[in-house]
Amino acid sequence: MPICSCEETINEFETLTRDAERVQQDTLRKILELNANAEYLNHYGLNGRTDVESYKSCIPLCVHSDVEPYIQRIADGDTSPLLTGKPVTSLSLSSGTTQGKPKFLPFNDELLETTLQIFQTSYAFRNREYPIGKGKALQFIYGSKQVVTKGGILATTATTNLYRRPRYKEGMKDIQSQCCSPDEVVFGPDFHQSLYCHLLCGLIYSDEVHQVFSTFAHSLVHAFQTFEEVWEDLCADIRDGVLSEKVTAPSIREAVMKILKPNPELAESIRRKCMGLSNWYGVIPALWPNAKYVYGIMTGSMEPYLKKLRHYAGHLPLISADYGASEGWVGANINPTLPPEQVTYAVLPQTGYFEFIPLEKPKGQESENSASIHYIESDPVGLTEVKIGKIYEVVITTFGGLYRYRLGDIVKVAGFHNSTPELQFICRRSLVLSINIDKNTEKDLQLAVEEAGKLLEAEKLEIVDFTSFVEKSSDPGRYVIFWELSSDASEDVLRSCANCLDLAFVDAGYMGSRKIRTIGPLELRILKKGTFEEILDYFLSLGGAVSQFKTPRFVNPLNIKVLQILSRNTTRSYFSTAYGL
């Protein structure tokens, strides 16, 4: 897709979204024709029918545990048509950081094509607002370990499944998203060495970089926090043309040495720019003067990192990347000028078949500003039948063998683009914190942490990262919130933070239970610096990829290893006195 065809991509998108209902029917027909002999579909008596009515009446809504036995058979080497007509040759691992174990999902060429359609569409709209010429992207992307299942199927993260396909690389070249770093860096055996070399390659090609990208905002913040620590080493490497001895992996060393040449002028220019920055504000535009924007997923659990990312990005716009999951894609960001907090995603009607479960708040709870309601569900509606301002759970049918699959995401319909909805991501549906009648989601936790974080701002402190846990071994149970801070805070401030957190959970069930003491005082635990880095390293040791890492906002009691890391690194603890001692 050469640059000139951006208009073609936009025109095609306009055509498809004008008649989204018909495109949806065609897409479902295509999916069902391709997979007509799939055991899963025939188990429910679909028997080759491809119309919407038959599909909805035969095939039930499902969650991962419903398809897991089929996926397990694929992993074990069963090549008969189980979920798809063609045999599945690759599996994706979802990020699975909450339960402590990743889920397998099917991956195939059709999913690769949908990915490219989504990326090309959002690029076309992005390029209209922020045109970039020929150039490179400073990309903090990482392949992950690939495991071969018992049946000889390659299983790796969804992102790695993309990166290792030549077709994906071609597609990315067409949208000016060629990575500065050689493949050996992306697929390097050691994440810390890969990150160091991404920064180094980015500096070597600093004049050619037009955009800065990572899958998640968290990886971008992590990359520039690392830059603060290693920038002098990077300057020395560039000055002398010799790669730091920290980089020991032969594959990475060999590839990077090919592009590293002594360049004292560049090294001196980087040193001067770094010395001239105030607390690293605007480091990205200072060192990459031709970068037009910073790009990555910035919604949901990534929102807490935006403040720090804006600090590094200075005047550059932050653009939130498209909306999808390891299961499949939902929508593209076609309004790139919106700040991440307001971003919406237009559903591409040809990339899958979409349904939406209407969620209503129970009477009397409509006005609560809490994400933690037990919703009343109605029957799913089609893509073009959703209503503006209403909230829904997303259900997808993909080319990858998932049928009426509940994604577990709550979205709000912000508007329509022609006849396709523009969705705002609200939160994951799963409850995070709950002891008895209290119900708090990730969004509620985030709001509580933001509220208490304001007390730290006055002290010029920031929360590096946070997570939570429900302590049920004592009676009554209590919420435990873990914080890693940028530097030490006074006892008084942290006591106030514990009280503020406790009062910031405004769910009626929580407040009522606190008042009558069926939930104990919230506990705030302060962690040593580097604790979340240790959790990341543990995640990587399980075969995860950094590009998929999301700090678990809630640690499941079964995730013993992460709980051990947290308790080993706890330095101080404060109990709330907000509801009396």
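- Under 3.5 Å, the side chains of Glu450 and Gln446 contain a donor-acceptor pair of N or O atoms.
- Residues Pro380 and Leu61 have side chains in contact (heavy-atom distance under 4.5 Å, counting atoms from C-beta outward).
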Yes or no on side chain to side chain contact (heavy atoms under 4.5 Å, CB included) for Val386 and Phe416, after CA distance, side-chain angles and deciding distance?
CA-CA 10 Å; Val386 294; Phe416 278 86; 3.7 Å; yes
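- Between the CG atom of Leu28 and the CD atom of Glu33 there is a distance of 10.0 Å, given to the nearest 0.5 Å.
- Looking at Asp465 and Tyr305, their side chains do bring a donor and an acceptor atom within 3.5 Å of each other.
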Show, in sequence, the C-alpha distance, side-chain angles and deciding distance for Leu359 and Glu377, and conclude whether the side chain to side chain contact (heavy atoms under 4.5 Å, CB included) test is met.
CA-CA 5 Å; Leu359 303 175; Glu377 298 180 3; 3.8 Å; yes
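- Proximity of Phe532 to His218: side-chain heavy atoms (C-beta onward) are nowhere separated by under 4.5 Å.
- For the residue pair Pro557 and Leu563, the shortest heavy atom distance occurs at O-CD1, 3.8 Å.
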List the steps, then state whether side chain to side chain contact (heavy atoms under 4.5 Å, CB included) holds for Val395 with Leu407.
CA-CA 6 Å; Val395 175; Leu407 262 191; over 6 Å; no
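- For the pair Arg49 and Tyr55, the NZ or CZ position fails the cation-pi test of under 6.0 Å to the six-membered ring centre and within 45 degrees of the ring normal.
- Annotation: His417 is in aromatic contact with Phe13 [ring centroid separation under 6.0 Å].
- Across every non-hydrogen atom of Val413 and Pro421, the tightest pair is CG1-CB, 4.2 Å.
- Ser122 places no side-chain N or O within 3.5 Å of a backbone atom of Ile334 that could act as its donor or acceptor partner.
- Judged purely by atom type and a 3.5 angstrom limit, Asn127 has no side-chain atom pairing as donor or acceptor with the backbone of Ala124.
- Atom OG1 in Thr114 sits 10.0 Å away from atom CG in Leu348 (nearest 0.5 Å).
- Outside the 6.0 Å centre-distance limit, the rings of Tyr44 and Tyr403 are not counted as a close aromatic pair.
- Counting only heavy atoms from C-beta outward, the side chains of Gln139 and Gln211 never approach each other to under 4.5 Å.
- Counting all heavy atoms, side chain and backbone alike, Cys6 lies closest to Tyr123 at SG-CE2, 3.7 Å.
- Atoms CD1 and NE2, from Ile59 and His43 in turn, are 9.0 Å apart once rounded to the nearest 0.5 Å.
- In plain terms, the two heavy atoms of Asp322 and Phe119 that are nearest each other are OD2-CD1, 3.6 Å.
- To the nearest 0.5 Å, atom CG of residue Asn35 and atom OG1 of residue Thr50 are 12.0 Å apart.
- When atom types are taken as modelled, the side chain of Thr149 and the backbone of Asp76 share no donor-acceptor pair closer than 3.5 angstrom.
- Residues Thr398 and Tyr405 form no side-chain contact, since every pair of their non-hydrogen atoms from C-beta on lies 4.5 Å or further apart.
- Counting only heavy atoms from C-beta outward, the side chains of Val343 and Met298 never approach each other to under 4.5 Å.
- At a cut-off of 3.5 Å, with distance as the only test, a side-chain donor of Tyr479 or Asn440 sits close to an acceptor on the other residue.
- A salt bridge links Arg73 to Glu39: one of the charged nitrogens lies within less than 4.0 Å of a carboxylate oxygen.
- Distance CD1/Ile357 to CZ/Arg404: 8.5 Å, rounded to 0.5 Å.
- Between Asp26 and Arg22 there is a salt bridge, with a side-chain nitrogen of the basic residue lying less than 4.0 Å from a carboxylate oxygen of the acidic one.
- For the pair Ala20 and Leu383, the tightest heavy-atom approach, listed with the atom from each and the gap, is CB-CD2, 4.3 Å.
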Start with the C-alpha gap between Phe356 and Leu423, add the side-chain angles, then the distance that decides, and say whether side chain to side chain contact (heavy atoms under 4.5 Å, CB included) holds.
CA-CA 11 Å; Phe356 297 85; Leu423 308 174; 3.9 Å; yes
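- By the 4.5 Å heavy-atom criterion applied to side chains, Glu110 and Ile31 are not counted as neighbours.
- Side chains of Ile71 and Leu83 form a contact here, defined as non-hydrogen atoms less than 4.5 Å apart.
- Between Glu8 and Asn11 the shortest side-chain heavy-atom distance does not fall below 4.5 Å.
- Of the inter-residue distances, the one linking Leu402 atom CG with Glu327 atom CD reads 6.5 Å to the nearest 0.5 angstrom.
- In terms of modelled atom types and a separation under 3.5 Å, the side chain of Thr420 and the main chain of Val347 share a donor-acceptor contact.
- Tyr538 and Ile565 make their closest contact through CB-CD1, 4.0 Å (heavy atoms, listed as atom of the first residue, atom of the second, distance).
- Although no hydrogens or angles enter the test, the distance criterion places no donor-acceptor pair under 3.5 Å between the side chain of Asp78 and the main chain of Ile74.
- Ring pair His222/Phe191: centre-to-centre distance below 6.0 Å.
- Remark: Glu113 does not engage Lys30 in a salt bridge, criterion side-chain N to carboxylate O under 4.0 Å.
- Exactly one of Phe354, Tyr323, Trp329 qualifies for a ring-ring contact (aromatic ring centres under 6.0 Å, His included) with Tyr345. That residue is Tyr323.
- At distances below 3.5 Å, at least one donor-acceptor pair connects side-chain atoms of Ser419 with backbone N or O atoms of Arg18.
- Looking only at distances, a side-chain donor or acceptor of Glu385 sits under 3.5 Å from a matching main-chain atom of Gly382.
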